[in-house]
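A short write-up of the structure that comes next.
Order of appearance sets the numbers: ligands from 1, and atoms from 1 within every ligand.
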Amino acid sequence: MKWNSHQVKIYPTAQEAALQVAQRVAEVIREKQKRNQWAVLGLATGKTPVKVYEELIRLHQQEQLSFENVISFNLDEYFPMAATHPQSYHHFMQQQLFDQVNIPPEQTHIPKGDWSTDQLQEACLAYEERIKQVGGIDLQLLGIGKTGHIGFNEPGSSIDTTTRQVVLDPLTRQEAIADFGSLEQVPSQAITVGIETIAQAREIVLMAWNASKASIVQQAIQGPVSAAVPASYLQLWPQASFVLDQDTAALL
Ligand code: PGA
């Protein structure tokens with residue numbers, strides 16, 4: 001099934017929603033394989049994509065889905081942050097996906113939380129360049145934060161932003177306390193791809209299946225398009241869709 005663009009898809013449960021997203025990812029990978037092409041995926045971290053990655057691992061193990069033709073670019077990483085830190089997004093991706101499928105490590109990309117301050121700008125530019133060099137992102141997965149962020153593009157992020165160093169919104173840091181143990185341990189900054197970087201993807205899927213996101217999801221889909229809710233930019237992009245479970249769609 002080809003998903004129509006610019007739509008909101010609502011499934012009874014988070015599990016069903018996640019399976020549909022995983023199916024779409026697998027379909028893109030297989031379509032590209034048939035044509036001997038790279039499948040360039042934009043990947044997200046957080047609780048939301050975990051079920052999607054579980055299904056992709058199952059498809060790899062039980063249904064011969066190969067990741068050999070996949071090139072991936074993650075949205076973001078805390079800064080500063082060692083790749084080996086248990087809360088780093090490098091660690092997350094290894095645990096939740098990369099270690100369990102056959103994606104060649106050199107085909108995975110994540111902004112680095114240990115880029116030195118003087119090389120940071122250049123490294124961010126190089127990240128953008130690398131995406132362009134491989135032909136752009138075919139399918140971009142997104143979560144949404146309580147602030148309305150996509151990647152770590154917090155409220156105030158303008159539509160022309162690219163990969164850069166950002167300051168995390170206080171609410172985002174608050175939400176991360178459960179992972180880090182205390183507010184003091186939550187980094188205050190991050191490296192994130194920009195709104196413009198995301199907009200250039202050929203297909204964009206924003207996933208949300210957590211009732212506590214119902215209000216921000218409603219604002220993103222039905223509110224004004226505004227930097228105050230960065231996910232609302234998706235309304236402008238015909239290639240973007242929202243995949244929700246019933247509870248998260250409750251206020252629509
Ligand atoms: P979550 O985070 O999937 O852990 O809810 C999403 C996000 O902040 O983008």
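Ligand 1 places these atoms under 4.0 Å from at least one heavy atom of Gly46: 3 (O), 4 (O). Near Gly143, the atoms of ligand 1 lying under 4.0 angstrom from a non-hydrogen atom of the residue are 9 (O). Those atoms of ligand 1 with a heavy atom of Gly145 less than 4.0 angstrom away are 7 (C), 8 (O), 9 (O).
The shortest contact between atom 4 (O) of ligand 1 and any protein heavy atom is with Lys47 N, 2.8 Å. Counting protein heavy atoms only, atom 5 (O) of ligand 1 is closest to Lys213 NZ, 2.6 Å. Atom 3 (O) of ligand 1 has Thr48 OG1, 2.5 Å as its closest protein atom, hydrogens excluded (heavy atom only).
Using a 30° and 60° split on the angle between ring planes, Phe73 and His109 fall in the parallel class, below 30°. Ring planes of Phe152 and His149: perpendicular class, angle over 60° (limits at 30 and 60°).
The residues Lys34 and Glu31 are annotated as not salt-bridged, no charged nitrogen and carboxylate oxygen being separated by less than 4.0 angstrom. Look at Glu54 and Lys51 and you find no salt bridge, because none of the NZ, NE, NH1 or NH2 atoms lies under 4.0 Å from a carboxylate O.
When each of Arg30, Arg24, Gln23 is checked for a side-chain hydrogen bond (donor to acceptor under 3.5 Å, both in side chains) with Glu27, only Arg24 meets the rule.
When hydrophobic clusters are built by joining Ile, Leu, Val, Met, Phe, Trp and Tyr residues whose side-chain heavy atoms come closer than 4.5 Å, directly or via intermediates, Met81 is not grouped with Val167.
Ligand 1 lies within reach of His149, whose nearest heavy atom is under 4.0 Å from it. For the ligand labelled ligand 1, residue Ile144 lies inside the 4.0 Å heavy-atom shell.
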